[in-house]
Amino acid sequence: MSDGLLSNKTGVVFGVANKRSIAWAIAKAWHKAGAKLIFNYQGERLKENVEELVAEFGADTAIYPCDVSKDDQIADFFAKVSGHTTKLDLLLHSVAFAPKEALEGNFLDTSREAFRMAHDISAYSLIGLSRAAAPLMTDGGSILAMTYYGSVKVVPHYNVMGVAKASLEASTRYLAYDLGGRKIRVNCISAGPMQTLAARGISGFSMMLKHYEEHAPLKRSCTTEELGHTGVFLASDGASGITGQVLYVDGGYEIMGM
Ligand code: NAD
Ligand code: 0WE
């Protein structure tokens, strides 16, 4: 596509695991809007998944490995990206991880190691990826990260992920300040609950979706298509005055007091 909102833009997408991934929904929308995309995959286990998905964008779509908890892998990834394109415009961060046991019991029992991992992979990585991407964003850029309401209110069992998302959102503001002079914007989308791989096996997850159907103004959480549309908006020049923000795409749930 050559006449979309993102034509002549190149983006890197972190966080596609399978076709239900939020990263995949936003990548499809960015692609439809005209962006050229480069993808990471977390490890050999996910390589084939990502390879098969991105084939939809043409056989020459680049994918490179990157575990975001490894500085050398971030450096190697962006070295390959700069071999591929001279200019970068977009970065999607759609990555989170906490050890499963940390999302089950009491927050009080969070181990030092679970806290470290959750913050390293889910929050610090935005800083590391932004620092590596920024030198390629020579004509400004848009950095987008995915967050969740458990950063600002207690959602039972979200636990250390909530604290890591609070760190991610605060990091978004400090990065927006640092990078603003280079016309690089940094924002978060706060999505309502979605049935993805990261949600599978979370006990009571379907009850959460039901809760949104009963309590959110729009009587539901959000769709992946809606996340795609908001992702295109925030990445586009139409959002050129918006940085450091957390935009809720959650059926309106966040405004409710009861
Ligand atoms: P997902 O499982 O499809 O995506 C999570 C991704 O994180 C995977 O692609 C996984 O490979 C990647 N990842 C984990 N550890 C990594 C590492 N060390 N290095 C590189 N990649 C790593 O699930 P999703 O729901 O699409 O999650 C994407 C983002 O959206 C996350 O930040 C999540 O917190 C956020 N989010 C999800 C929901 C929801 O309800 N599903 C709601 C709001 C926000
Ligand atoms: O950010 C998330 C989930 C991220 C996540 C998911 C897992 C599952 C598998 C991070 N780490 C892991 N580790 C694993 O081993 N969401 C916004 C989805 C989510 O997860 C919850 C939620 C919601 C919503 C967990 C408890 C309560 C609510």
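Both ligands and their constituent atoms are indexed starting at 1 by order of listing.
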Q) Which ligand 2 atoms does Lys100 reach within 4.0 Å, using its non-hydrogen atoms? A) 15 (O)

Q.
In the structure I gave you, are the side-chain heavy atoms of Leu247 and Asn187 within less than 4.5 Å of one another anywhere?
A. no

Q | Lys36/Asp60 salt bridge by N-O under 4.0 Å criterion | A | no

(Q) To check your reading of the model: name the closest protein heavy atom to atom 14 (C) of ligand 2, its residue, and the distance in Å. (A) Ala98 O, 3.6 Å

Q: Determine, counting only non-hydrogen atoms of the protein, whether one lies under 4.0 angstrom from atom 9 (C) of ligand 2.
A: no

(Q) I need the atoms of ligand 2 closer than 4.0 Å to a non-hydrogen atom of Ile202, numbered in the order shown. (A) 20 (O), 21 (C), 25 (C), 26 (C)

**Q.** Atoms in ligand 2 with a heavy atom of Met208 nearer than 4.0 Å
**A.** 24 (C), 28 (C)

Q) Does Glu226 come within less than 4.0 Å of Arg220, counting only side-chain N to carboxylate O? A) yes

(Q) Tell me whether the count of non-hydrogen atoms from other residues, nucleotides or ligands lying under 6.0 Å of NZ in Lys210 goes above 12. (A) no

Q.
Distance check, rounded to the nearest 0.5 Å: Leu91 atom CG versus Ile184 atom CD1?
A. 10.0 Å

Q. With a 4.5 Å limit on heavy-atom distance, are the side chains of Phe57 and Phe39 in contact?
A. yes

**Q.** Leu136: side-chain contact (heavy atoms from CB on, under 4.5 Å) partners, not counting sequence neighbours
**A.** Phe78, Val81, Ser82, Leu88

Q) Hey, are the side chains of Met256 and Pro217 touching, using non-hydrogen atoms and a 4.5 Å cut-off? A) yes

Q) Any N/O of Met161 closer than 3.5 Å to an N/O of ligand 2? A) no

Q. Does a side-chain heavy-atom distance below 4.5 Å link Leu90 with Val12?
A. no

Q | Lys/Arg-Asp/Glu bridge criterion (N-O < 4.0 Å) met for Glu169, Arg173 | A | no

Q) How far is atom 3 (C) of ligand 2 from its nearest protein heavy atom, and which residue and atom name does that atom have? A) Ala198 O, 3.8 Å

Q: Check each protein residue for a heavy atom under 4.0 Å from ligand 1 and list those that pass, ordered by chain and number.
A: Gly15, Val16, Ala17, Ser21, Ile22, Gln42, Leu46, Cys66, Asp67, Val68, Ser94, Val95, Ala96, Phe97, Ile121, Met146, Thr147, Tyr148, Lys165, Ala191, Gly192, Pro193, Met194, Thr196, Leu197, Ala198, Phe205

Q) Is ligand 2 less than 4.0 angstrom away from at least one heavy atom of Pro156? A) yes

(Q) I'd like to check whether Lys165 has a polar contact with ligand 2, where a contact means an N/O of the residue lying under 3.5 Å from an N/O of the ligand. (A) no

Q) For atom 1 (O) of ligand 2, which candidate among Tyr149, Tyr158, Phe205, Tyr148 holds the nearest heavy atom? A) Tyr158

Q.
Could you check whether any side-chain heavy atom of Val246 comes within less than 4.5 Å of a side-chain heavy atom of Tyr248, counting everything from C-beta outward?
A. yes

